[in-house]
Trainee: 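Next up is a structure, given as structure tokens.
All of these numbers come straight from a predicted model, not from anything done at the bench. Counting starts at 1 for both ligands and their atoms, following the listed order.
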Amino acid sequence: MGQPDAFPGLLPLHTALPKRMLHTSFIELDQEALNCNIRFLKSLIPDTTRFSMVVKANAYGHGIEDLLPLIEGCGVDHFSVFSVAEAMRVQDVMRNQNEVMIMGFIDDDYLDWAIAEEVSFFVFTMERLKATLARAKALDKAARIHLELETGMHRTGFCEDQLDEIVQLLQSNPEFLRLEGLCTHYAGAEDFGIQDRIEEQIATFNRLCSELGRRGLHPTYRHSACSAALFNYPETVMDMVRIGISSYGFWPNEETRRSYLREHQLREDPLKRILSWKSKVLSVNRVPEGKYVSYGQAYLTTRPSKIATVPVGYGYGFSRDLSNNGHVLIGGQRAPIVGYVNMNMVVVDVTEIPGVAVHDEVVLIGRQGDQVMTVRSFSDMNNSMNYELLTRLPGHIPKMPLPMAAPVQV
Ligand SMILES: *Cc1c(COP(=O)(O)O)cnc(C)c1O
């Protein structure tokens, strides 16, 4: 390697070039913030509860390949994904003894792969259960399955009237169907307006688990909690939790954040953003008063202006909803976006920021001097949630782990 920045996917000719600005922006990942988040979240669950970090959707935009070693560095050994492709990417980079679980889609073509690789997976239809049994028999190997139960979300999951058939299938094929989990998912545990619905789901899940237990089905893990359930319904923490957004340093929503901090009398937010998104100034120009800037007539200068361009646009994950609306940080100050967000660029007004020059750092998400652009402020502006904004970050943006501060000697 030699060069810590080397980008392995490129022609040998290019491998010595720094990957930071290979594309038009880059993402920094803060291992210390990740450590803080995982330590905090693990402090909320018993030692005996398995912590599965949800790394679907390219680890919520943070990059599976780049973030996974950092997550493992925090002692996490179980990863949840949605698809086979994500599971394969996790497997390629994870340490051997760690585990991956698919919560979503597996085409029949990939069942053999999942069983042979000992990847565990959710089963929520009779078709999937029967196909799994058939493939496990053909491979003469047990499939590690998590039965998802329908408890009130009405999306995926087995209904109560299917349980007889399931019990029968599992009990007659213990060597091929290994019941690793019983699980369910809540229909919005961050939404205080639907508390009744969530409480009913919790009760239904507990009842169905007991019922299956009485009939002799004993899974290794009962699991139901996502981030919001962990904070708002601690009773949903069972043998395993599946935690996504909060491990990345974001609350499921603002109400959950406020209620949690208030209830636990916390002054400081225990969750730290691990991602910063940065670019550079592409050009700086003067524009006279009374001129339209960029496409169309979205923005008219009302004074002699200085404008800068930044090479990120809606084609690179920067939402067009931020046209004439969002800000970026340049020179430690907020620079408003003027006119439409283009496919490859945004134009920002830097009239009041002295000395802005080509190549200056631009912060799209993160800190610069005293100013911070949070994902929340960013997504409030374009009415999308943390989740959506993060997962829309293009996978190709280079990820740069920040160097750790020297460990404290004790
Ligand atoms: C995405 C997901 C989670 C994690 O949710 P967060 O709100 O990000 O913690 C847990 N379980 C299932 C089934 C999911 O799809």
Trainee: Report yes or no: do Thr236 and Ser224 form a side-chain donor-acceptor pair below 3.5 Å?
Mentor: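 Their side chains do not contain a donor-acceptor pair, so the 3.5 Å distance test is not met.
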Trainee: Below a 4.0 angstrom heavy-atom separation, can you tell me which part of Ile245, side chain or backbone, both or neither, approaches ligand 1?
Mentor: both
Trainee: Does the separation of the ring centres of Tyr295 and Tyr340 fall below 6.0 angstrom?
Mentor: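 That pair fails the under 6.0 Å test.
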Trainee: Heavy atom under 4.0 Å from ligand 1: found in Phe82's side chain, backbone, both, or neither?
Mentor: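 Neither part.
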Trainee: Pairing donors with acceptors under 3.5 angstrom, does anything connect the side chains of Glu352 and Gln333?
Mentor: no
Trainee: What protein heavy atom sits nearest atom 11 (N) of ligand 1, and how far off is it?
Mentor: Arg242 NE, 2.9 Å
Trainee: Return the residue, atom name and 0.1 Å-rounded distance of the protein heavy atom closest to atom 9 (O) of ligand 1.
Mentor: Ser227 OG, 2.5 Å
Trainee: Which atoms of ligand 1 have any heavy atom of Cys226 under 4.0 Å away?
Mentor: 4 (C), 5 (O), 9 (O), 10 (C)
Trainee: Would you say that Leu261 contacts Trp251 through its side chain, given a criterion of any heavy-atom pair below 4.5 Å between the two side chains?
Mentor: yes
Trainee: Given Met153, His185, Arg155, Lys56, which one has a non-hydrogen atom that is nearest to atom 15 (O) of ligand 1?
Mentor: Lys56
Trainee: Between Asp321 and Arg392, does at least one N-O distance fall below 4.0 Å, as a salt bridge requires?
Mentor: no
Trainee: Going by the atom numbers of ligand 1, which of them fall below 4.0 Å from some non-hydrogen atom of Tyr60?
Mentor: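 The atoms of ligand 1 under 4.0 Å from a heavy atom of Tyr60 are 1 (C), 4 (C), 5 (O), 6 (P), 8 (O).
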Trainee: Is the closest basic N to carboxylate O distance between Arg144 and Glu180 below 4.0 Å?
Mentor: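 Salt bridge flag = yes for Glu180 with Arg144.
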Trainee: At a 4.0 Å threshold, what atoms of ligand 1 neighbour a non-hydrogen atom of Tyr387?
Mentor: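 The list of qualifying atoms is 6 (P), 7 (O), 8 (O).
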